[in-house]
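Both backbone and side-chain heavy atoms feed into the values below; hydrogens, waters and symmetry mates do not. Everything numeric in this text was worked out from a predicted model, so none of it was measured. First the proteins, then the strands, lettered A, B, ... as listed; each starts at 1.
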Amino acid sequence: MGTNADVAAIFREIADLLDLLGERFKPEAYRRAARSLEGLPEDLRLIAQRGELDAIPGVGEALRQKIDEYLTTGAIPYLAKLQAELPPGLVTLTRLPGLGPKTARRFWLELGIVGPTELTEAIAAGRLNGVKGFGPRKIELIRDALASASTPSHRLPLAEADRIAQGIVASLRSRAPLDAVEIAGSFRRCRETVGDLDVLVTSNEPEKVLDAFNSLPGKARQLMRGPTKATIVLEGELQVDLRVVAPEEFGAALQYFTGGKDHNVHLRSIARDRGLRINEYGVFRGEERVAGRTEEEVYATLGFPWIPPEIREDHGEIEAAAQGRLPHLVELGSLRGDLHVHLAPDASTTVIRSALAEASALGFEYVGFAVPLGEGAVPELARTIRTVPSERPRILLGAEVPSWEGASDPPDGFDYTIVTSPIEAGSSSRVRSAAKKSSRPPILFAHGSGGAPASAGRTPGSAGRSQLIASIVVGPDAPSRGWDSATLRGLAESGVEVALSADSPDGGQLDRLRLAVGLARRGWTTAATVTNARPWSARPGSKPPAGRDGPG
DNA sequence: GCCGTTTTCGGCCCGACTGTTTTCAGTCG
């Protein structure tokens, strides 16, 4: 897949191995670089060609050399060297909950245990009994962890996490006395996938909140519970953390638990430079709390405006905030229509009317239905849609074709073309010629490359911004159709427009649009480059409306 | 391994919780 993701994965693997070797700071250095690479809007090869690898945050001389090695040979020998020093099963042990590198290393060196199988056998044979640091409870926990290790935990698509999160919030609110409640973590940053949920609550009665949390519907087991925090695992293996804080700490806690890690580390180092200390309870000068009730307060104390959660990755947002040039990110309320709504081929006028009604409730000026074109014939669906009268929202028809070869002018009666094939490396010339052929813009391309930011980011850019629009679709099963935030940022920087869409007329449109907007915000997208944040008449490539407002 | 106009060496976020301790180490987020 993508070069950036490949190198990042290798760096993470190296970090795990260095952990096992007992290294103190190198592992985090490799992980920081890995996170940095994953957020790059551009392919490493292109950055290397310009000789700018060591301008990447977290990449110094040693890591630059390793990236170069990978780009020329396809491998990083240092990884193989480390792998040769350690039993291959050892890393697997550190994946078990509650078992980290220190313990795994002790198993290996003191007991000759080199993997899960050997550990299971050792416990069964009683070889851990009496070993320093391993009481009966700990041995029991490790045995449980080994037994449940077969169910791999995975990250959920944002849309699915959103459904679960809404259920948790509603359930807690109905059964416990709480004031503010917010889901922080990568969920709040609108990451494409979510590994766990961080629920943050203020309440005068933490005990009752923790009780309600512990009896959430769908709970599989409790991992831990203290006076102010608890962790449970839901059926389906999603981990949920709860934290109860005082109202005057809520902003600081929200900031702290929203992350991302690098953003927070950077922020804390700035605080330290200014004689301040920042943690989840507030910003402190000495013992005195100087901020903490709201996030705005926390950022203001450090001299920054509030930074939107979606871009808190230490990818330049702190510098932008310091210089007063944070982008004004697109908002749900910016949208004036949807350009990519799918209907069943035999959809009735009733279905179409209800889709229009939902769009109308959102205040939309237009709805664009995507109609797949068959063998030259205009399908029945297009004829049905045309029989439905609607002045507002206005009905638009998008002719959906599977490949760039068909991406010329849409047939009569259609307003634009949607190409559903992914943008891939090497498709640049085809995209360009398709864009040239069309006299009736715009063309939406509906799928990202999912891991080739360079091609997706540059191809449409080189084709010109006037006619090509990336369609960011958040459907129930397709979280973002291959568009990740790094790619989106690349699009935004090269001036390519995006269209944000909920895809489906079957209800829940608002939630999915919200997520599409969140993903776009993660990519630093402003309303200025969102096609459906403008009237249809002001779309890219369209002739400016004639009249006194027109040029000339 | 990275980083830095107060540093090119000496730092590197920090607090909650657990199990094992008799004052703390390891893990996690």
Side-chain angles (χ1 to χ4, degrees), chain A residues 11 14-15 17-36 53-67 76 78 82 93-107 128-142 144-145 153 184-187 189 194-200 206 210 222-231 233 239-245 249 252-253 255-284 314:
Chain A
F11 280 0
I14 290 175
L17 296 170
L18 289 171
D19 260 338
L20 285 165
L21 288 171
E23 286 281 356
R24 283 268 281 152
F25 296 105
K26 284 187 194 179
E28 203 40 46
Y30 275 91
R31 290 195 184 98
R32 191 170 59 239
R35 288 193 294 273
S36 198
L53 282 178
D54 36 21
I56 300 169
V59 175
E61 177 57 20
L63 294 194
R64 181 194 62 73
Q65 276 182 18
K66 291 185 174 66
I67 295 173
I76 298 178
Y78 184 54
L82 293 176
L93 286 182
T94 67
R95 305 261 192 271
L96 297 172
L99 208 160
K102 297 253 173 54
T103 312
R105 185 173 163 79
R106 278 195 61 199
F107 281 151
L128 256 58
N129 302 337
V131 177
K132 185 163 175 284
F134 293 93
R137 176 70 181 147
K138 191 154 203 163
I139 293 174
E140 188 188 330
L141 287 173
I142 294 174
D144 291 350
S153 66
S186 58
F187 175 82
R189 301 202 311 279
V194 171
D196 61 7
L197 291 175
D198 300 292
V199 186
L200 198 61
L210 286 160
Q222 181 189 75
L223 287 188
M224 164 285 258
R225 173 171 177 171
T228 63
K229 63 180 279 194
T231 299
V233 176
Q239 183 172 316
V240 188
D241 299 321
L242 174 75
R243 197 67 184 241
V244 188
V245 299
E249 300 164 345
Q255 196 288 318
Y256 183 90
F257 288 111
T258 297
K261 188 185 172 81
D262 296 317
H263 176 90
N264 282 359
V265 167
H266 192 165
L267 225 52
R268 282 195 285 274
S269 84
I270 289 173
R272 203 177 46 232
D273 292 346
R274 301 182 186 181
L276 299 166
R277 188 167 47 90
I278 178 168
N279 58 28
E280 62 258 60
Y281 302 109
V283 183
F284 296 87
D314 199 24

Any [X] side-chain nitrogen or oxygen under 4.0 Å from OP1 or OP2 of [N]:
X: A:Thr231; N: B:dC28; value: no
X: A:Thr228; N: B:dC17; value: yes
X: A:Lys138; N: B:dT21; value: no
X: A:Asn279; N: B:dG15; value: yes
X: A:Gln239; N: B:dG29; value: yes

For [Y], does its backbone N or O pair with a side-chain atom of [X] as donor and acceptor, under 3.5 Å?
X: A:Arg243; Y: A:Lys229; answer: no
X: A:Arg189; Y: A:Thr258; answer: yes
X: A:Thr231; Y: A:Leu223; answer: no
X: A:Asn264; Y: A:Tyr256; answer: yes

- Item | Pair partner, B:dT8 [Watson-Crick or wobble, under 3.5 Å] | none
- Upstream residue (5' side of DNA chain B) when A:Tyr281 and A:Gly98 are each assigned their closest nucleotide: A:Tyr281
- Message: Can you work out whether A:Gly60 or A:Glu280 has the more 5'-proximal nearest nucleotide on DNA chain B?
- Response: A:Gly60
Atom [atom1], compared across [N] and [M]: separation rounded to whole Å:
N: B:dC14; M: B:dT20; atom1: C1'; answer: 22 Å
N: B:dC13; M: B:dG29; atom1: C1'; answer: 12 Å
N: B:dT23; M: B:dT18; atom1: C1'; answer: 15 Å
N: B:dG10; M: B:dG15; atom1: P; answer: 25 Å
N: B:dG1; M: B:dT8; atom1: C1'; answer: 14 Å

Length of the line joining [X]:[atom1] and [N]:[atom2], which is rounded to integer Å:
X: A:Ile270; N: B:dG4; atom1: CD1; atom2: P; answer: 11 Å
X: A:Leu276; N: B:dC14; atom1: CG; atom2: C1'; answer: 16 Å
X: A:Ile67; N: B:dC2; atom1: CD1; atom2: C1'; answer: 13 Å

- Query: What distance do A:Lys261 atom NZ and A:His266 atom NE2 have between them, rounded to the nearest 0.5 Å?
  - Reply: 15.5 Å
- Query: Parallel, tilted or perpendicular: which describes the rings of A:Phe11 and A:Tyr30, with under 30° parallel and over 60° perpendicular?
  - Reply: perpendicular
As a test of reading the structure: which of [options] is closest to the side chain of [X], going by heavy atoms?
X: A:Ala62; options: B:dG19, B:dC17, B:dG1; result: B:dG1
X: A:Pro136; options: B:dA16, B:dG1, B:dT20; result: B:dT20
X: A:Asp198; options: B:dC13, B:dG1, B:dG29; result: B:dG29
X: A:Arg137; options: B:dG26, B:dG19, B:dG1; result: B:dG19
X: A:Lys102; options: B:dG19, B:dT27, B:dG1; result: B:dT27
X: A:Thr103; options: B:dG15, B:dG29, B:dT27; result: B:dT27

Tell me what [X] touches on the nucleic acid: a base, only sugar-phosphate, or nothing, going by heavy atoms under 4.0 Å.
X: A:Gln65; result: nothing
X: A:Tyr256; result: base
X: A:Arg268; result: base
X: A:Phe257; result: nothing
X: A:Arg24; result: nothing
X: A:Leu141; result: sugar-phosphate
X: A:Pro27; result: nothing
X: A:Glu23; result: nothing
X: A:Lys132; result: nothing
X: A:Ser269; result: nothing

- Compare the ring of A:Phe25 with the six-membered ring in the base of B:dC2 and state whether they stack (centres under 5.5 Å, planes under 30°). no
- Message: Give me the atom names and distance for the closest heavy-atom approach of A:Pro206 to A:Val244.
- Response: CB-CG1, 3.8 Å
